[in-house]
Amino acid sequence: MSLGYKAGRPQTSGWKDSTRKHVRPEIPKVYSPEAIEPRWARYWVDEKLYRPAEGNGSARFSLSLPPPNITGSLHMGHMLEHTEIDILMRWHRMRGENVLWLPGMDHASISTQMVVERELGREALPDLEPGAAARRAWQREGQRRRLEMGPEKFLERCWQWKQENGDTIRRQMERMGASVDWTRARFTMDPAYSRAVIEVFVRLYHEGLIYRGQYIVNWCPRCGTAVSDLEVAHEERPGQLWYIRYPLEGGTGSISVATTRPETMLGDTAIAVNPSDNRYRSMIGRKVILPLLDRVIPVVGDEFVDPAFGTGAVKVTPAHDPNDFGIGMRHNLPSITVMDFDARMTAAAGPYSGLSREQAREAVLRDLQAANLIEKIEGYKLNVGICDRCKTIVEPLLSKQWFMRMRPLAEPAIRAVEDGRTRVVPDNSRKVYLDWMYRIHDWCISRQLWWGHRIPAWYCDGCDEVVVAASAPDACPKCGKAGKSGWHQDEDVLDTWFSSGLWPFVTLGWPEQTEDLKRFYPNDLMIMGFDILFFWAARMIMLGLKFTNEVPFRELYIHALVCDAERQKMSKTKGNVIDPIEITEKYGTDAVRFALASSAAPGTDIAFSDDKVQSYRAFANKIWNAGRFILMNLGNLPELAVRQLGVALEPIPEVGFDALPVRSSEFGVRGLEGHGNEQLRTEQLRTEQLLIDRWIFSRLAAVTHEMNEALAGYRFHEAAHTIYHFFWHEFCDWYLEWVKPEITERSDEPRPTAAWVNMARAFEAALHLLHPFMPFITEELWHQLPHSGNARSISLTRFELVNPQAGDVVSEKQFETLRELIVAARNVKAEMGLQKEKPSAQVATEDLRILEIFRSHQHAILRLAGLEALNFARGRLPAEASPVPLSSGCDLRLFYERPVDVVAERTRLEREIPKAKQQLERIERQLANESFRSRAPQDVVTGAERRRAELVDQFQRLEQSLARLGAAPSSPQN
RNA sequence: GGGCGGUUAGCUCAGUUGGUUAGAGCGUCUGCCUUACAAGCAGAAGGUCACCCGUUCGAGCCGGGUACCGCCCACCA
């Protein structure tokens with residue numbers, strides 16, 4: 001949409017081109033992010049602004065982006081994560097640190113393979129009505145087509161998918177304003193990255209930390225691959241506990257076992273009891289007959305069996321249950337695999353061979369029933385493991401896989417977190433991490449998939465030799481067979497987290513000792529969601545320590561989950577997903593970012609809604625219009641003045657925030673002294689101007705300090721609220737309103753006033769504080785302010801963010817006194833329905849210093865409160881005047897003739913009086929308490945006393961007012 | 001089975017070491033198109049801080065317990 005308005009990049013800004021009066025283009029009243037944001041997004045990327053500087057000069061701050069999966073486009077969770085990171089990156093960058101934010105993407109082995117399959121399925125079956133059923137059908141069909149087309153063609157499709165989605169993700173990130181260094185972007189299947197992955201595998205293997213073996217793994221029959229423990233979700237489902245009789249060999253008696261999975265009995269190779277269980281001790285060593293198959297199996301004693309559960313005897317199926325596998329190992333039992341990788345019964349299942357696991361269960365139960373071997377059936381809630389990816393029930397199966405030995409790797413990773421070399425925030429995530437690490441199990445790292453890093457294991461065609469190496473060996477060390485061709489590589493690929501676990505150091509060039517690795521490793525920070533704490537954070541810490549002897553990052557901040565307005569997790573199936581691009585296009589990136597940041601309290605999930613974004617769009621508009629006001633009043637300044645202003649406004653890195661005029665004694669503009677002061681019309685206006693300028697810079701210093709503290713603790717919401725409140729309710733509502741006459745009345749004069757310069761500088765400081773949250777609008781407005789020299793970006797302009805000394809207590813106090821008076825006057829006007837009128841007012845107090853403050857700022861008071869005149873009296877005002885008491889010890893009254901609405905006034909008083917009374921009673925009780933007086937700190941006690949005095953005063957006045965109302969003859973109203 | 005978090009205004013949520021009168025946004029009500037902004041300005045109403053007990057001069061905050069909600073972990077069939 002064209003607005004007839006084109007604000008410039010620095011190169012094209014009109015400020016330096018114009019020779020005489022600068023003519024501002026018309027700036028639209030309503031902020032249109034779509035006219036601004038894409039332009040700056042492009043500029044930041046094209047100019048490569050976010051490459052860190054060369055050399056080791058300044059402090060550095062580094063972070064590697066958690067690489068988004070190339071499975072699809074970015075969702076709100078990413079946007080939150082990227083917003084939080086970007087805020088911190090921009091914040092650190094403005095402090096002059098050398099910031100590296102390294103972006104990249106993850107090949108996401110299993111997830112990508114699944115989406116690509118589904119895509120193939122969709123192509124084959126284009127007419128299905130989209131939905132859960134169609135997804136399943138597409139998946140099935142896609143899988144079939146994958147097998148049909150073979151690895152080579154399928155992987156081609158995967159790369160094509162990567163290309164397309166990688167581009168989409170990158171565009172999204174650019175549009176969100178992520179200040180990453182694209183020149184360092186990495187992908188987990190880049191050639192160099194893949195080489196590093198293989199090297200890690202080979203090294204771990206030769207150190208004995210990776211091994212291959214036949215163990216029980218979680219098998220997803222639908223995905224057709226093993227998955228790790230972490231990829232299995234548990235779901236409670238109603239089920240049954242069947243008690244089955246196993247007859248003792250020799251004809252007399254039986255042992256009953258309880259099971260939730262009767263179909264696995266076909267693979268039973270023993271019955272186990274606890275050796276300390278008196279009921280069964282004599283049975284150990286005897287034999288039972290496995291029903292249905294009539295196999296003779298032993299009774300063994302094993303501590304694992306819980307005598308209190310079920311019958312105290314348990315069937316042992318080593319090939320289909322991890323616990324039973326353990327028992328089988330301990331007792332040297334055979335393993336009989338009765339279910340294959342498709343979850344169908346094998347030949348070993350005898351008559352049940354070929355049935356699905358569900359059919360087999362039915363058949364087994366039916367046959368047991370017929371043989372009268374079912375003793376009883378109980379209802380039982382059981383936990384079934386389901387595949388994280390496809391929700392199919394996983395099958396524990398015996399299978400030959402590759403594993404990583406975790407204990408030796410975990411130990412240093414535990415210590416690193418315990419002693420704080422990596423600090424985990426919030427603290428409860430630290431505990432969760434440690435608990436998991438203490439109980440860590442070996443990690444199944446092989447996957448029966450095609451998309452991913454092929455396992456570098458080579459099997460000799462001539463014998464059973466296995467060699468683990470980056471490439472096929474020249475000759476077989478065992479059978480002596482020569483040549484690289486006589487080997488076939490392991491078909492499997494690595495779990496995707498194996499490669500992401502190396503992210504922080506491989507992205508910087510490891511195993512080469514690159515400059516980047518030296519400069520930016522360890523990373524200063526890592527930010528991620530809680531859901532991948534084990535998957536990713538834990539593995540990065542373990543592998544980082546293993547291969548670099550350093551923690552991969554010094555801090556780990558765990559961010560919240562983005563939920564919908566009803567606090568429900570966003571999910572495609574629920575249909576409550578908010579698309580970041582859509583909402584960004586609707587309200588602007590800045591507004592969405594601010595909405596996210598303002599809700600991002602550590603440890604709490606975010607309820608995200610359109611409403612919130614809308615209110616921050618309003619905020620962006622507010623900022624825009626404040627800028628508009630400031631720039632409009634610059635419009636008439638001649639070029640010379642603009643030049644000089646440019647010099648004056650250029651931030652000076654060494655001095656930074658100190659250069660703001662709050663503390664400078666001359667209180668003028670450097671290079672323009674003398675002129676500015678002359679322009680102040682009267683002593684009075686000058687005093688007023690002085691106070692408000694001092695006040696705003698004092699507030700800026702305080703706000704900066706607060707934001708520093710908040711961001712250092714990842715309290716994004718606090719920092720966002722602080723700047724929001726400051727900008728809107730202090731800078732706009734008070735500062736701009738206060739200086740307005742000085743600014744607008746002077747705009748026709750040939751020189752900029754000190755007032756304008758200070759305003760512009762305060763505004764610029766506010767833009768700096770806002771910039772990390774709202775990078776686009778701040779960049780735009782900053783460029784429109786006059787700067788000299790090569791001002792490339794607000795984000796690269798150093799802003800010294802710490803200066804606690806800049807606080808000006810006296811000015812803040814004076815300002816508060818004035819503000820209270822103005823608000824009280826407005827209040828009376830509103831309550832009395834005098835908003836269109838300009839009544840006169842009187843203020844009275846014993847404190848002459850306060851009267852003097854009022855007197856010397858009366859222009860501002862009259863204008864901002866909407867009063868005609870203000871006069872001053874010494875002492876207190878009589879009750880008949882219905883004075884309003886102020887905390888500065890003054891009484892304020894307004895003169896007006898409008899008849900008072902007696903009923904409304906009485907209602908108000910009757911509501912106020914009990915409240916005041918209650919408060920008064922409470923504070924009197926407190927002050928009457930001797931131990932309060934003796935034990936509480938002095939300032940708390942005096943504070944309470946002062947408060948009591950106020951309350952007494954207020955209470956009396958209220959009562960008097962009510963009494964007067966009652967006494968007065970009730971005159972007919974209107 | 002173990003662990004963690006939540007319960008504060010009509011709604012969504014802040015409230016970092018205990019201390020004067022518990023805050024914000026949205027929504028509601030009143031009055032205003034005041035030359036930066038109606039996506040705005042000025043003002044107002046609205047809370048037994050889930051419940052019980054304790055520690056303390058003093059508790060939304062600390063300790064113990066109860067209720068409801070949510071999340072994570074878990075190889076007892």
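This one's a predicted model, so the numbers in the text were calculated from it and none came from an experiment. Lettering follows sequence order; numbering is per chain, from 1.
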What interatomic distance, in whole Å, is found between [atom1] of [M] and the corresponding atom of [N]?
N: B:C69; M: B:G23; atom1: P; answer: 32 Å
N: B:A36; M: B:C41; atom1: C1'; answer: 12 Å
N: B:G60; M: B:U48; atom1: P; answer: 14 Å
N: B:C68; M: B:G54; atom1: P; answer: 24 Å
N: B:A38; M: B:A44; atom1: P; answer: 23 Å
N: B:C26; M: B:G18; atom1: C1'; answer: 31 Å
N: B:C61; M: B:U7; atom1: P; answer: 11 Å

**Prompt:** 5'-most contact on RNA chain B: A:P937 or A:G310, nearest heavy atom basis?
**Reply:**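 On the 5' side of the pair lies A:P937.
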**Prompt:** 5'-most contact on RNA chain B: A:V940 or A:H721, nearest heavy atom basis?
**Reply:**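 Its nucleotide being nearer the 5' end, the pick is A:V940.
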**Prompt:** Does the side-chain contact (heavy atoms from CB on, under 4.5 Å) test come out yes or no for A:E868 and A:L862, once each step is laid out?
**Reply:** CA-CA 6 Å; A:E868 178 63 36; A:L862 295 181; over 6 Å; no
I need the [atom1]-[atom2] distance between [X] and [N], as an integer number of Å.
X: A:K612; N: B:G25; atom1: NZ; atom2: C1'; answer: 9 Å
X: A:N929; N: B:U56; atom1: CG; atom2: C1'; answer: 11 Å
X: A:F608; N: B:C26; atom1: CZ; atom2: P; answer: 16 Å
X: A:Y438; N: B:C72; atom1: OH; atom2: P; answer: 23 Å
X: A:L382; N: B:C76; atom1: CG; atom2: C1'; answer: 12 Å
X: A:I558; N: B:C72; atom1: CD1; atom2: C1'; answer: 13 Å
X: A:I723; N: B:G25; atom1: CD1; atom2: P; answer: 15 Å
X: A:H717; N: B:A14; atom1: NE2; atom2: P; answer: 7 Å

Less than 4.0 Å between a side-chain N and a carboxylate O, is that true for [Y] and [X]?
X: A:R593; Y: A:D590; answer: no
X: A:D610; Y: A:K586; answer: yes
X: A:R715; Y: A:E706; answer: no
X: A:E378; Y: A:K376; answer: yes

Nucleotide of [options] approaching [X] most closely (side-chain heavy atoms):
X: A:K836; options: B:C72, B:A74, B:C33; result: B:C33
X: A:N428; options: B:A14, B:C4, B:U20; result: B:C4
X: A:N323; options: B:U12, B:A77, B:C75; result: B:C75
X: A:V305; options: B:A77, B:C73, B:G19; result: B:A77

**Asked** If the sugar-phosphate is the primed atoms plus P, OP1 and OP2 and the base is the rest, what is the B/S/- string for nucleotides 34-50 of chain B, using protein heavy atoms under 4.0 Å?
**Response** --BB-BSSBSS-S----
Could you tell me the Watson-Crick or G-U partner of [N], where both distances fall under 3.5 Å? Say none if there is no partner.
N: B:C41; result: B:G31
N: B:C73; result: B:G1
N: B:U17; result: none
N: B:U66; result: B:A50
N: B:A9; result: none

Scan [X] against the nucleic acid and name what it touches under 4.0 Å (heavy atoms): base, sugar-phosphate only, or nothing.
X: A:R933; answer: nothing
X: A:H725; answer: nothing
X: A:R922; answer: sugar-phosphate
X: A:F534; answer: sugar-phosphate
X: A:E930; answer: nothing
X: A:E945; answer: nothing

**Asked** Hey, do the aromatic rings of A:Y724 and A:Y616 have their centres closer than 6.0 Å?
**Response**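 Under 6.0 Å, so yes.
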**Prompt:** Is the charged tip of A:K740 near the ring of A:F629: under 6.0 Å from the six-membered ring centre and within 45° of its axis?
**Reply:**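 Geometry flag: set, cation within 6.0 Å and 45°.
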**Expected output: side-chain A:S32 to main-chain A:E34 donor-acceptor under 3.5 Å** = no
**Request:** Apply the test side-chain hydrogen bond (donor to acceptor under 3.5 Å, both in side chains) to residues A:Y587 and A:Q614: give CA-CA distance (whole Å), side-chain angles for both, the deciding distance (0.1 Å), then the verdict.
**Result:** CA-CA 7 Å; A:Y587 299 110; A:Q614 231 175 93; 3.2 Å; yes
**Item:** A:N383 (side chain) and B:A74 (base): donor-acceptor pair under 3.5 Å
**Value:** yes
**Message:** Whether A:Y380 contacts B:A77 is assessed here as follows: a side-chain N or O lying under 4.0 Å from the phosphate OP1 or OP2. Is that the case?
**Reply:** yes
**Asked** How are the rings of A:Y215 and A:F403 set to each other: parallel, tilted or perpendicular (split at 30° and 60°)?
**Response**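 The arrangement is perpendicular - the two ring planes meet at more than 60°.
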